[in-house]
Structures are given as structure tokens and as C-alpha cells.
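Taking it in order: structure first as C-alpha cells, then the write-up.
Side chains are part of it too, since the values below use all heavy atoms of this structure and drop only hydrogens, waters and symmetry mates. Positions are given from 1, in the same order as the sequence printed here.
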Amino acid sequence: MSETTRTQVLIIGAGPAGLMISQMLHNRGVESVAIDIRTREEIENTHRAGILEAKAVRMLEDENVSQRFRTDGYEHDGTDIRVRGISNRISFKDLVGASVWLYPQTDVFIDLANARERDGGDVRFGVSDVELLDGDSDNPGVRFTDAAGTTQEVRADFVVGSDGSRSICRALIPGATQYFREYPFAWFGIMAEAPMSYDELIYASSDRGFALISQRTPTVQRMYLQCNPSDDMHNWSEDQLWDEFQARVAGPDGFELKTGPIFERTLLPFRSFVQQPMQHGRVSLAGDAAHTVPPTGARGLNLALSDARVLAPRLAEAAKANDPAKLADYEEIAVKRVWRAQNFSYWMTTMLHSLPDENPFDRMRRLGELEMVLGHESGRRHLAEAYAGWPNEVDGL
Ligand code: DHB
């Protein structure tokens, strides 16, 4: 058995980028079908980043997704950058009049999936055997096996590739350039049942390596340790992990982490990737499919939602007029922000982590850089502005 569906926009990848685009198209009177090889439960149980710019959470409200972030999220006016145990508070509010929200990617996904269901959206999770069809034609499409085992074909006027860092849609852009870098370290992430240790996030750079103290709820905490990718910490005891976290934040103020049972462990690779162009003919890439950033500074999800903000209104116009020319400036607008975010993520990463072969000169230079940024208002403001979100002019909005 096989079924064929025709729609205006086919969205490959139903994570936050794909579902936000689908929701925004719906709000602008354009139909879409979104597919994903993962089941909804798999995506809901994948723990990803936790920090959203104010601009990104506002999209949840403005696009009629959900206001749940107001009750379940936490607004943070600043963050702490702890260097060798000395705390340096960066006040987003004082420096740039902004705040960020602790509202995990999983919750953003749940809100979007619920909103698409509520609004009658066509989202097919758990599909397999995905084969892209005629990407470079006026009638692009996809063939796949749906969760019930039926062969399906979807044909559309436009395609969005929002299928993440292992994107198959990248191949639909002919002659693209791929920019890529790997880092000689990774993060070992844990989820723990413990009280909050602090009311904001702590980015800790120590001589033992980096640690990030983040949060989820008053009783569940999210933390990361810099580690060697080939020598991860899956076999460490809970005591060993807590001792290492504590050692990386320890300082003369006597700060202590609140500990508890660790119920999840994940290794996160560090990569920077950009594919250009992000758009060709009727195909556009969005989110990790077009660009991946290392996690330091929490740019990934914010960047994906910024892509949606720029792409969806253009795509709605293109779909209504059946005219790919309406997509023309997506690339130009998105790429500027993508490279800014790549630079910020690279900078935060290299400034806060110790390289495995770091010699004493390298370390002292890096500490000099941290002192220069944290010790002056202009440095702190630069960091705050990038972290809390650049002004709309950067997006041509
Ligand atoms: C989280 C992850 C990040 O990479 C970051 O910079 C801040 C927070 C998190 O998972 O909470």
C-alpha cells in the first residue's frame, strides 16, 4: 500500500526548528507536512540546551505556541563566570537591559508538538526509509515508510531541511561549501536529583578544566564537565563526579554544590559546522542542518529559532505566490547571524576551556583574555549582548 499527499511546504525534521516553521506557516495560512525519523517520545527524552534569549521565548507567545514558559521557566538577569574559583557576575539587565530564560529545549519541543496537534498540523514522527525525491525540480518530495508501516510519498512546492546535524537535506544544495572544525575535548553532561546550588548559571573555568552548572527545576539539575572525548566518564562513580564538579568550582568564597543521585549521563561532542548556501531553488536549510555550534554559550537552539523567524515569513510569501524568488534574501540575512554566533560559540569555548596540550604560556594568555573581558565594562557588555541576543538589526528585522 502506498499513499501520496500534496502540500505547500514539506519539512524534513520535526525538531524545534521544523515545528516552529510549521507553526509559523500555519499562522500565515500556509499548509505543511513535517516528518521525522525519531518518535515524539524519543525527541521528548533527548536532553539538549536550556537557555533561550528573550526574543526566542517571545516567539512561543507571538506565534500562539504556548505561554508555559511563564510558569515553568525561569527568567535570569545574569550569569556567573567563575575563573579559578573567583566569581564574576555578568548582569545582562544592567549591561544591555536584557534577560534570558531557562526553558529547556525539550519543553520548547513539547509545546510546539502540542500546538501543531491542537491546530490540526500534519506531523509524522517515527518514519523510516526516507528518500528525497527531485529536490532540484518544481515538484520536490520525499518517500518514506510511516510509523504504521505504510509507504508514503509527500510532494510539495517547497522543502525545508531542518533535519539536524546529520542532515540528509544538505545534499539538496548543489555545489555548497562546508566549513568545519572539531575541538579536542567534549562535555560530559549529567542530570541529577538535587536542589539548585545557585539561582543563575555558573560557567566555571578552572585549572582542572571547565564545568557548567545549569538547572532544570528546583529538584533536577543539569551540569557538564569538560572531558577528553576518548576518555569519558560513564564509569566514574557518583562521588568521583561530584568531587570533580566541586573541585572545578571551588574558591575562596567556600561555594559548595548541592549534590544528589545522578540519573542521566551523556557525552556531547564539540563541533562547529556551517554549510553555505543555506538555500537553493525551492529548498532551504534551517537550524543544525545548516550550522552546528559547540554548546558553550547556548547558541544552538537560539540560532535555529532565529532561522525560523527569518525564513517562515518569506516561505509563506513564496508558497502563496509559488515563487522561490521570495526566498532570495534568507541566505544573506541568516548567514551574518550564523557567523556571529559561530564566532561567539568558538570564543566562549576556547576562552573557558583548557586545551589538553596547553602550555603555561597558553594558559596565562587565556587568563589574560578572561581578565580583559571580565575586568572591564566594555568586555562584559560585549559578552552580555552576544549571550542575551543581538539586536534585531542583525537579522534585518
Ligand atoms: C545549558 C547548556 C549550555 O550549553 C549552556 O551554555 C547553558 C545551559 C543547559 O543545558 O542548561
Do [X] and [Y] sit within salt-bridge range, that is, some charged N less than 4.0 Å from a carboxylate O?
| X | Y | result |
| --- | --- | --- |
| Lys336 | Glu331 | no |
| Glu385 | Arg381 | no |
| Arg248 | Asp243 | no |
| Arg363 | Asp207 | yes |
| Arg155 | Glu153 | yes |
| Arg48 | Asp288 | yes |
| Arg309 | Asp307 | no |

Does any donor atom in the side chain of [X] or [Y] lie under 3.5 Å from an acceptor atom in the other side chain?
| X | Y | result |
| --- | --- | --- |
| Asn139 | Arg6 | yes |
| Gln8 | Asp157 | no |
| His47 | Glu264 | yes |
| Arg271 | Thr292 | no |
| Ser87 | Asp80 | yes |

**OP:** Under the side chain to side chain contact (heavy atoms under 4.5 Å, CB included) rule, what do Trp347 and Thr296 come out as? Steps first, then yes or no, please.
**Re:** CA-CA 9 Å; Trp347 177 60; Thr296 333; over 6 Å; no
**OP:** Before giving the answer on side chain to side chain contact (heavy atoms under 4.5 Å, CB included), spell out for Leu201 and Ile213 the whole-Å C-alpha distance, their side-chain angles and the decisive distance to 0.1 Å.
**Re:** CA-CA 6 Å; Leu201 268 55; Ile213 312 303; over 6 Å; no
**OP:** Measure from the side-chain N and O atoms of Ser345 to the backbone N and O of Gln342, and report whether any donor-acceptor pair falls under 3.5 Å.
**Re:**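 Side chain of Ser345 to backbone of Gln342, a donor-acceptor pair under 3.5 Å: no, none is there.
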Does the gap between the ring centers of [X] and [Y] come in under 6.0 Å?
| X | Y | value |
| --- | --- | --- |
| Phe270 | His353 | yes |
| Trp339 | Tyr179 | yes |
| Phe188 | Trp236 | no |

**OP:** Applying salt bridge (Lys or Arg N to Asp or Glu O under 4.0 Å), name anything that partners Asp136, two or more places apart in sequence or on another chain.
**Re:**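 Once residues adjacent in sequence are excluded, Asp136 has no partner under the salt bridge (Lys or Arg N to Asp or Glu O under 4.0 Å) criterion.
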Original post:
What residue pairs, at least two apart or across chains, pass side chain to side chain donor-acceptor pair (under 3.5 Å) with a residue in residues 315-325?
Top reply: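 Sorted result for residues 315-325: Arg282-Asn322.
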Original post:
In Å, rounded to the nearest 0.5 Å, how long is the span from CZ of Phe210 to CG of Leu212?
Top reply: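 Going from the CZ atom of Phe210 to the CG atom of Leu212 covers 5.0 Å.
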Original post:
Does Glu358 CD have over 12 foreign heavy atoms under 6.0 Å away?
Top reply: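 More than 12 heavy atoms, drawn from other residues, nucleotides or ligands, come within 6.0 Å of this atom.
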Subject >> Greater than 12 external heavy atoms within 6.0 Å of Arg166's CZ >> reply: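 Atom CZ in Arg166 is not crowded, with 12 or fewer foreign heavy atoms closer than 6.0 Å.
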Subject >> For the student: nearest non-hydrogen atoms of Ala308 and Met20, plus distance >> reply: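 Smallest heavy-atom distance, with atoms named: CB-CG, 3.8 Å.
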Subject >> Atom of Arg82, atom of Ile202 and distance for their closest heavy-atom approach >> reply: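 Taking Arg82 first and Ile202 second, the nearest heavy atoms are CD-CG2, 3.8 Å.
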Flag this pair as yes if the NZ/CZ of [X] is under 6.0 angstrom from the six-membered ring centre of [Y] and inside a 45 degree cone about the axis; otherwise no.
| X | Y | answer |
| --- | --- | --- |
| Arg70 | Tyr103 | no |
| Arg337 | Trp390 | no |
| Arg181 | Tyr183 | yes |

Original post:
Going through the distances and angles, do Arg40 and Glu117 end up as a salt bridge (charged side-chain N to carboxylate O under 4.0 Å, His left out)?
Top reply: CA-CA 12 Å; Arg40 191 168 162 171; Glu117 198 169 299; 2.6 Å; yes
Original post:
Should Arg124 and Asp36 be marked as a salt bridge (charged side-chain N to carboxylate O under 4.0 Å, His left out) after you check the CA-CA gap, both sets of side-chain angles, and the distance that decides it?
Top reply: CA-CA 6 Å; Arg124 323 237 184 130; Asp36 204 294; over 6 Å; no
Following the transitive rule for hydrophobic clusters with a side-chain heavy-atom cut-off under 4.5 Å over Ile, Leu, Val, Met, Phe, Trp and Tyr, establish whether [X] and [Y] coincide in one cluster.
| X | Y | answer |
| --- | --- | --- |
| Phe158 | Met24 | no |
| Phe185 | Val83 | yes |
| Trp187 | Leu102 | yes |

**OP:** Start with the C-alpha gap between Asp72 and Arg68, add the side-chain angles, then the distance that decides, and say whether salt bridge (charged side-chain N to carboxylate O under 4.0 Å, His left out) holds.
**Re:** CA-CA 6 Å; Asp72 293 3; Arg68 192 163 65 92; 3.0 Å; yes
**OP:** Let me know which of Asp107, Val100, Val108 forms a side-chain contact (heavy atoms from CB on, under 4.5 Å) with Leu52.
**Re:**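 Of the listed options, the one satisfying the test is Val108.
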